[in-house]
Amino acid sequence: MLRISKKSKRSVDRVLDTAIEFFGLGGIGLDLVEQSDSHLFFQGGGGFVDVTVQLEDKHTDVNVQTREWEYQVKEFLRKV
């Protein structure tokens, strides 16, 4: 399991939209099983990706926890 975070200059909404594009059916193909204004939970392939975002001053904190999708999570964080 991997827990990793990054500060992004993108808005909360843009980070979440990017996560849906990257991990969802149009990207890697994971199922989006939970969604809120600051949280996404994807499941599939024997693992999961849990994305939480929070606005902090002039940046967005992006926190991701995963099992089985470590490489892909690192690629996602490079995009945001």
Side-chain angles (χ1 to χ4, degrees):
M1 185 158 42
L2 172 71
R3 288 183 191 196
I4 191 167
S5 63
K6 177 182 180 178
K7 295 183 187 314
S8 175
K9 293 182 180 180
R10 293 185 182 200
S11 70
V12 167
D13 289 340
R14 186 64 191 130
V15 171
L16 293 174
D17 289 345
T18 302
I20 291 170
E21 292 168 9
F22 189 90
F23 294 111
L25 297 178
I28 292 173
L30 301 179
D31 295 322
L32 178 59
V33 295
E34 288 182 36
Q35 181 175 7
S36 73
D37 292 343
S38 63
H39 177 252
L40 300 170
F41 187 84
F42 300 90
Q43 201 167 22
F48 67 88
V49 176
D50 190 355
V51 180
T52 304
V53 294
Q54 182 176 353
L55 187 61
E56 289 286 333
D57 296 323
K58 295 181 180 180
H59 65 271
T60 300
D61 282 336
V62 183
N63 297 291
V64 185
Q65 185 174 355
T66 187
R67 184 179 67 221
E68 300 299 329
W69 298 101
E70 290 85 356
Y71 176 80
Q72 291 81 1
V73 163
K74 291 175 184 176
E75 288 297 310
F76 163 71
L77 288 176
R78 285 186 191 98
K79 291 181 171 245
V80 297

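No experiment lies behind these values; they were computed from the predicted model shown. For the single chain, residues carry numbers from 1 onward in sequence order.
- Between Val49 and Phe76, every side-chain heavy-atom pair lies at or beyond the 4.5 Å cut-off.
- Between Asn63 and Gln65 the shortest side-chain heavy-atom distance does not fall below 4.5 Å.
- Expressed to the nearest 0.5 Å, how far CD of Gln43 lies from CG of Leu32 amounts to 11.0 Å.
- Side-chain atoms of Trp69 come within 3.5 Å of backbone N or O of Gly44 as a donor-acceptor pair.
- Ring orientation note: the planes of Phe48 and Phe41 are close to parallel, at an angle under 30° on the 30°/60° scale.
- A chain of hydrophobic side-chain contacts below 4.5 Å, direct or via other Ile, Leu, Val, Met, Phe, Trp or Tyr residues, connects Leu40 to Ile4.
- Atom CD in Gln72 sits 4.5 Å away from atom CD1 in Ile28 (nearest 0.5 Å).
- Side chains of Tyr71 and Thr66 form no contact here, defined as non-hydrogen atoms less than 4.5 Å apart.
- Side-chain contact between Lys7 and Thr60 is absent, with no heavy-atom pair separated by less than 4.5 Å.
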>> As a quick check of understanding, evaluate side-chain contact (heavy atoms from CB on, under 4.5 Å) for Asp31 and Leu25, giving each step before the final call.
In response: CA-CA 7 Å; Asp31 295 322; Leu25 297 178; 4.0 Å; yes

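- When all heavy atoms of Arg10 and Lys79 are compared, the closest pair comes out as NH2-O, 2.9 Å.
- For the pairing with Val12, the side-chain contact (heavy atoms from CB on, under 4.5 Å) check across Leu55, Val62, Asp61 returns one residue only, Leu55.
- Hydrophobic clustering of Ile, Leu, Val, Met, Phe, Trp and Tyr side chains at less than 4.5 Å, counting indirect connections, unites Val80 with Leu2.
- The structure places CZ of Phe23 at 10.5 Å from OG1 of Thr18, a figure rounded to the nearest 0.5 Å.
- A donor-acceptor pair shorter than 3.5 Å cannot be found between the side chains of His59 and Asp57.
- Between the CD atom of Gln35 and the CD1 atom of Ile20 there is a distance of 4.5 Å, given to the nearest 0.5 Å.
- Nearest heavy-atom pair across Ser36 and Leu16 is O-CD1, 4.2 Å.
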